[in-house]
Amino acid sequence: LKEENAVLRSKINKLQILSETQADKMRKLEKKLEENKIKEEKEAQDLEAMVQHVEQNLQLMTKRAVKAENSAAKLRQENALLQAELRNSRLENEALRAAQAGLAAAKQNAEVALQHLLQVTTSSRASIRQLLSGAESLQLVADLLKSIDRISEVSEDGQ
């Protein structure tokens, strides 16, 4: 019986040692499990923070994109207005050039007309001089004829 008790005590010691070893392993595994949970929670929090950061960046980029699109639309409108102004300015410029060409032609025509008027004036003055000269000659002839009439009247009276 003593031997059997010794064997059983030996088995109990071995079982206690095995139980303590397994309890140590269990504590170590529980500690590792707790560390892993903490680590996973931290990673989950980090991941959540990263997701929030990415969402904020996405919102900012969306706002920037909307702002850029609005700016581009305004620039397109301004460009269209400037293009219209440019077309109007070109048309006005062409009209001014045409008017200037018309004005130059009118000026040239006026100058030609002036030359003609000067020629007509010069020729009219010459004609007027000739007329005056002719009128003076006629006046002289008329005076001569009157004188001849008087002479012939005096000669008829004095005969």
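Quick caveat, the model's predicted, so the values are computed rather than measured.
Atom CG in L15 sits 11.0 Å away from atom OG1 in T21 (nearest 0.5 Å). If you take OG1 on T122 and CG on L117, they are separated by 10.5 Å, rounding to the nearest 0.5 Å. To the nearest 0.5 angstrom, K11 atom NZ is 13.5 Å from L18 atom CG. Rounding to the nearest 0.5 Å places NZ of K67 at 11.5 Å from CG of L60. Annotation: the span from L29 atom CG to M26 atom CE amounts to 8.0 Å, rounded to 0.5 Å. The line from CZ of R129 to OG of S124 is 11.0 Å long, rounded to the nearest 0.5 Å.
K2 places none of its side-chain heavy atoms less than 4.5 Å from the side chain of N5.
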Side chains of residues 135-143: which donor-acceptor pairs under 3.5 Å do they make with residues two or more places apart or in other chains?
| unit_1 | atom_1 | unit_2 | atom_2 | d |
| --- | --- | --- | --- | --- |
| S137 | OG | S133 | O | 3.0 |
| Q139 | NE2 | D143 | OD1 | 3.2 |

Please tabulate, for side-chain N and O atoms in residues 83-99, each donor-acceptor pair with protein atoms closer than 3.5 Å (sequence neighbours left out).
| unit_1 | atom_1 | unit_2 | atom_2 | d |
| --- | --- | --- | --- | --- |
| N88 | ND2 | A84 | O | 3.4 |
| S89 | OG | E85 | O | 2.9 |

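In this structure E78 satisfies the side-chain contact (heavy atoms from CB on, under 4.5 Å) test together with L75, L82, sequence neighbours excluded. Taking D24 as the reference, R27 meet the salt bridge (Lys or Arg N to Asp or Glu O under 4.0 Å) condition, with sequence neighbours excluded. Among residues two or more places apart in sequence or in another chain, the salt bridge (Lys or Arg N to Asp or Glu O under 4.0 Å) test is passed with R9 by none. By the side chain to side chain donor-acceptor pair (under 3.5 Å) test, N70 is found to be paired with no residue, residues two or more places apart in sequence or in another chain being considered. A search for salt bridge (Lys or Arg N to Asp or Glu O under 4.0 Å) contacts involving K42 returns D46, not counting sequence neighbours. The side chain to side chain donor-acceptor pair (under 3.5 Å) test applied to H53 returns N57, not counting sequence neighbours.
Taking Ile, Leu, Val, Met, Phe, Trp and Tyr as members and joining any whose side-chain heavy atoms lie under 4.5 Å apart, directly or through other members, the hydrophobic cluster of L132 also contains I128. Other cluster members for L114: L118, joined by side-chain heavy-atom distances under 4.5 Å among Ile, Leu, Val, Met, Phe, Trp and Tyr. Chaining together hydrophobic side chains whose heavy atoms lie under 4.5 Å apart places L58 alongside M61.
A salt bridge (charged side-chain N to carboxylate O under 4.0 Å, His left out) check over residues 30-41, counting only residues at least two apart or in different chains, returns nothing.
No more than 12 heavy atoms of other residues, nucleotides or ligands sit less than 6.0 Å from atom CD of E4.
E48 pairs in a side-chain contact (heavy atoms from CB on, under 4.5 Å) with only one of the listed residues (Q52, Q45, M50), which is Q52.
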| request: Would you sort out whether N79 and R76 count as a side chain to side chain contact (heavy atoms under 4.5 Å, CB included), showing the intermediate values? | output: CA-CA 5 Å; N79 188 23; R76 279 192 292 273; 5.5 Å; no
